[in-house]
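The sequence lines fix the lettering, A, B, ..., with proteins before strands; numbering per chain opens at 1. Only a predicted model underlies this, so the values are computations on that prediction, with no experimental measurement involved.
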Amino acid sequence: MSATISLQNLRKTFGDGQSGHLAVDDVSLEIAAGQFVSLLGSSGCGKTTTLRIVAGLESPTSGRVLFDGADITHLPASHRDMRMMFQDLALFPHMSVEENVAFGLRLKRMRGKLSADEIRRRVATYLDIVRLGEMRKRMPHQLSGGQRQRVALARALATEPPVVLFDEPLGALDASLRRSTQAELKRIHRELGKTFIYVTHDQDEALSMSDMVAVMSGGRLIQYDTPEGIYERPRTRFVAQFIGAKNLISARVEKVTGSEVLLRLADGTHLGAHAEESLVPGQEVTAVFRADRALMQVNGYTDASLVSGIHVQSMFLGNRMEHIVRLVDGSEVTIHDAQARPLPGDGGPLQFALRPQHVQILTK
Amino acid sequence: MTVQADILTENAPDMRRIERRRALFWLLPPILWFVGFMLVPYAITLFYSFGRMDYVQFVAGFSLDNYVKVLTVQPYAGLILRSAKIGLLTAFWSTLLAYPVAIAMAFYLSSECAKHILYILVILPWWASYLVKAYAWKTILGTHGLLNEGLIWLGVIDEPLTVFLYNDFSIILTLTYIFTPFAVLSIYAQLERLPLSLIEAARDLGATGWETFIKVIWPISIPGVLAGGVITFSLGFGDFIAPALLGGADSIMISSVVISLLGVANDRPLAAAIGVAIILMAMALLTVSQYLEKRTQVRL
Amino acid sequence: MGNVKIQGLAAGAVLTLGVLAASQHAAAEGSLALLTWEGYSDDLVVAPFTEKTGCVVEPTYVSSNDEIIAKTLASGSATIDLVSPSNDATMTLIDAGAVEPIDKSKLPHLADYFPVFQSPSWLVKDNDLYGVPYGYGFLRLVLDSNVIPDAPASVSVLWDERLKGKLAMWDNLETLYVAARYIGVKDVYNMTDEELQKTRDALIALKPNIRKFWTSDAEFQQLYMQKEVVGGNTTELAVSGLWAQSADSLKEVLPQEGSGGWSDSWMIVKGASENPCVYAWLDWISSPESQALASKLTGYAFANAKSFDMLEPEALALLTKLGTGDPEVQKSISWWQPVPRRGAYLEIWNQVKAETAQ
Amino acid sequence: MTRLGSPYLIWSVAGAIMLFLYLPILVIIVFSFNEGRNAGLPFTGFTLSWYEAALSNRQIVRAIWNSVLVAGGTILIAVPIGLMAAIAMDRFSFPGKDMFRRLVLLPLVLPGIITGISLLNFYVMLKVPLSLTTIMLGQGTALICITVTEVFARLQQLGRSQYEAAYDLGASEFEIFVKVTLPNIKTALIGSTLIILSLSLDEIAVTFLLTGRDNTLPMVLWSILRREATPLVNVAGTVMIALTLVLVTIGLRLSRGNSGRH
């Protein structure tokens, strides 16, 4: 079952021309068949609008949506081989669980394609997949939040679309239920091999479930990468901050050797780093690294650079210690020590080491 | 801190008593009002219905004669049925006309302001006075009215038609016209509760617009349709002005008979008996419609 | 907060009291509440009265004698001082004790009244007069002579097939009387059950010809002018009105079966004679001057014979043409009488109306 | 955009229905300027003289004022009582609640003339003279159900949590009402007031039997129509639309000015 989706230069403006609000701004994206792709961003970043354009619930102001190469930009939602799981779930309140799931199977366009037995079997299958077999006769208002999520999922899956769209469906769940539902979704994705496009504002959720993550901001696509790529190599300051890499150091490029870059920090020390794009010596950049990549054992590396600062404060976090360090230029960074060794004392000097591959350079 | 102390004393407030007091606070004025201005008047009507007139003198008693008369002697029972038929047709057409407007108002207007404006536009025709509006329909439907003139001008007909006015058609048309806003308001009140995402979900699952309507919107809107239908039915049922102004030779309704009984015939007991019969019918109608509304009302 | 609360409550209370007070429109000194027909208390008649006596007139208009009876019996003199029912309704009020006898000595103009109105049967009980006759008239049968050029002098013409769907008949027991006269009932105001049934059948046979039951003169005129109907039974007012609107082909049929006569009378609601304006009004409206004014306004004839002398020539000519002022014609008229079995009549009438026309 | 069907289709159907609702209104307005003596056809020429006649007609002006007064009184009766009944029904369970609910709705379902007779019998027995007040009481009783249904529906939507939170924080019943309930049901109250205003101004069936000395506009219009259907009635209809529109606009402005939200 192939189901590649390609978004080409999508734009969507709400309201009229000048006073209108640009919700989606030139978004292009390739989604391979069978992938689990998350659209990640804070509220108002255009991710839901993008999803709704893919679903056919909105039409873009310009740009195209291709499905296996065919232009479906203006095809109505009902004619697309995709189903959506809505943010508010949109369960039909006057139908039982079973009827909700069977809804898409009993429509006129399906007439002749599925026998009554077949429909019953399908409903049973998908209720089993979401583990709601016993609840089939219940009405939506008789279900718990998690159960309702699963009905909505079964309903979307029952028509066996190659693509399933999710609009922050887990937003209303509590943390533990959320986690188990995520695992469930991941399992179902693996078992069914469909293309999932998933909108969320939760970076943990996006990183843990997806094959690919598209980070969006202000209607634009900022970075489209694997979770590891996003996590390790954020392309912009925004992405870095959004996925929780808060340690930003101002620096100047001193030497460029391929993707290896040598930076010079405010205190004159050097820092080895990694860059995706070409840089010129003398350029002002921002270096970013994750707290857990800092090496507390500063001696014995050939490839790591040393960074020094003043220890400000420590916190014990169970499996690690978190230290806040003030650098010479006044910026504060956070580093983790996985072995949770206590430091000699507050206010003293502190050094840590960073490997070049863990230092990402941001130009914007 | 005194609260703590209170709990230990015997004067500690009892939750149930407070609750009862609060309930009474809200309930007592309406109950007194309804007893004073509804139950007592209805009881008086009931009292009259068991009596009889001795020429001009009312004689109290306990006789079911008036009820027997209402049920067996023409035209009373027949006219109640006839009025019910007019009411039903009024309700049917009002609902049919109201539904698209309510749909447009609920789902095709995104700004609150536009909804408010349409809402006002729907009830604005009420303000032109029933009688004046009914008279305007005469101007439109008459043998030489605007409709006939227009049809002749268009060449659809050569001779003016007399079928538009002074018959049940003109009565039902006028009643439908006057009461449609009620139906719009009650259907809209129900549709307004329906989240847009339900429609999107249905469309997304492959339903056509019509299927979405039949399988999702219509079932959920039934309580509103019922409520509007009950109101328009009742208003149509009890009307006596449209028959007088626009009705034909056989367009009499039960309310007109009630009025005539109160007059020179001065048969207040018979009028009261008809009144009581209608009150009972209304109670039955409400009971049934409440049951149906409860059954069809969905929890969103 | 406390202040706001109190202010809010106070404002609400003041508003409520204000509205209640404004609505409780008290019967002011020297005011007169009339329950009557439109036209009987028009400014033309009322203004000279108010000027002369200082009494302010507050009319409430009704559409039927039913309404007069219902409201008079319901509210009494607290609400109404005088009512002006027609001759088939007067006795109900008299027998119900809802009205007072008239003190003839206070009304010198009564002496000038036509003989039929001196002590008409519908106003007299135990030798007491209970009302002051006012406007009166004979019911007319009119048809468009273009449609029925050969109308016989009989009500039977109404049943003519050429009139299918073209008649407007009065929504009143008078139409029942017409049918009763047609089938030869002697005393149409005291019919037996059998006679009533036959009358009912005659009316049902008439129904296909009826397009509309009219309820006011104006409605009849409009029905005719807008060519919805070509005739029916109606009042002088409608006939003269239509003639004035150059409905020249509208001709009166003078039925050999006789015509009904209506006569309105002012009656004092029990207890209202304490209001000094009541006799002042009765004196004024029984005068020839006022009745001439009212005649000019309504087109009806009025009970004071001298009022005819004060009419403008055209108006007099019209009434003469209609024969209204002729005492001989007056005597030949079948004046409405109290109908003891009013309820039965009404039931038959409602049955006729409820019957579906073929 | 993906809704039920093409917005063009829906709007043309809804537009046609709105046209149906406004056709007679248009006729009324146009024929209020008719020079002839007839409220309907033929249209003989344009004149403003009927407006002059209507506004100098004491009876009509008085009746409009009476109608507005009755509508005001009706609102003062029906809105507070309906509000209380709605709150009681939403918040508490009490024996006979279903019956109470039916009783509240009964006047809406009952022909106005039956309500009228019952009240007339009542007034006659108590020897209460008929007046505008008796009309107000009749209309008020008949229209309570409008407020009840509107407000009750809103309260049900709101749920109990706000009320319970306020109760838990120690607010008195009155404080809860003023600070929590009222702001939330304001639009429902305004809506029901609007509907009651409209219905009261046009009420005939209940009013018919309860009229004393003073007449409301529909009663006067009826008597005018009986006598001679002149464009005067169209003028009255047009004036009522304009007048109510002004009243409602002022009302909405005021209420919006107070709320700050929306």
B:N167, B:L245, B:L270: which one forms the most heavy-atom pairs within less than 4.5 Å of chain C?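 Top option by heavy-atom pairs under 4.5 Å: B:L245.
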
Heavy-atom cut-off 4.5 Å, strictly under: side chain, backbone, both or neither for C:L203 against chain B? neither

Measure distances from C:E347 to the heavy atoms of chain B and classify the residue's part below 4.5 Å as side chain, backbone, both or neither. both

Aromatic plane relationship, B:Y67 with B:F50 - under 30° parallel, 30 to 60° tilted, over 60° perpendicular: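 Rings of B:F50 and B:Y67: tilted, 30 to 60°.
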
Over 60° means perpendicular and under 30° means parallel, so classify the ring planes of C:W170 and C:W214, tilted if in between. parallel

Verify the ring-centre separation between C:W159 and C:Y182: is it less than 6.0 angstrom? yes

Measure centre to centre between the rings of B:W137 and B:Y177, then say whether the value is under 6.0 Å. yes

Give the member of C:K227, C:M169, C:K71, C:R341 that has the highest number of heavy-atom pairs under 4.5 Å with chain B.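 It is C:K227.
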
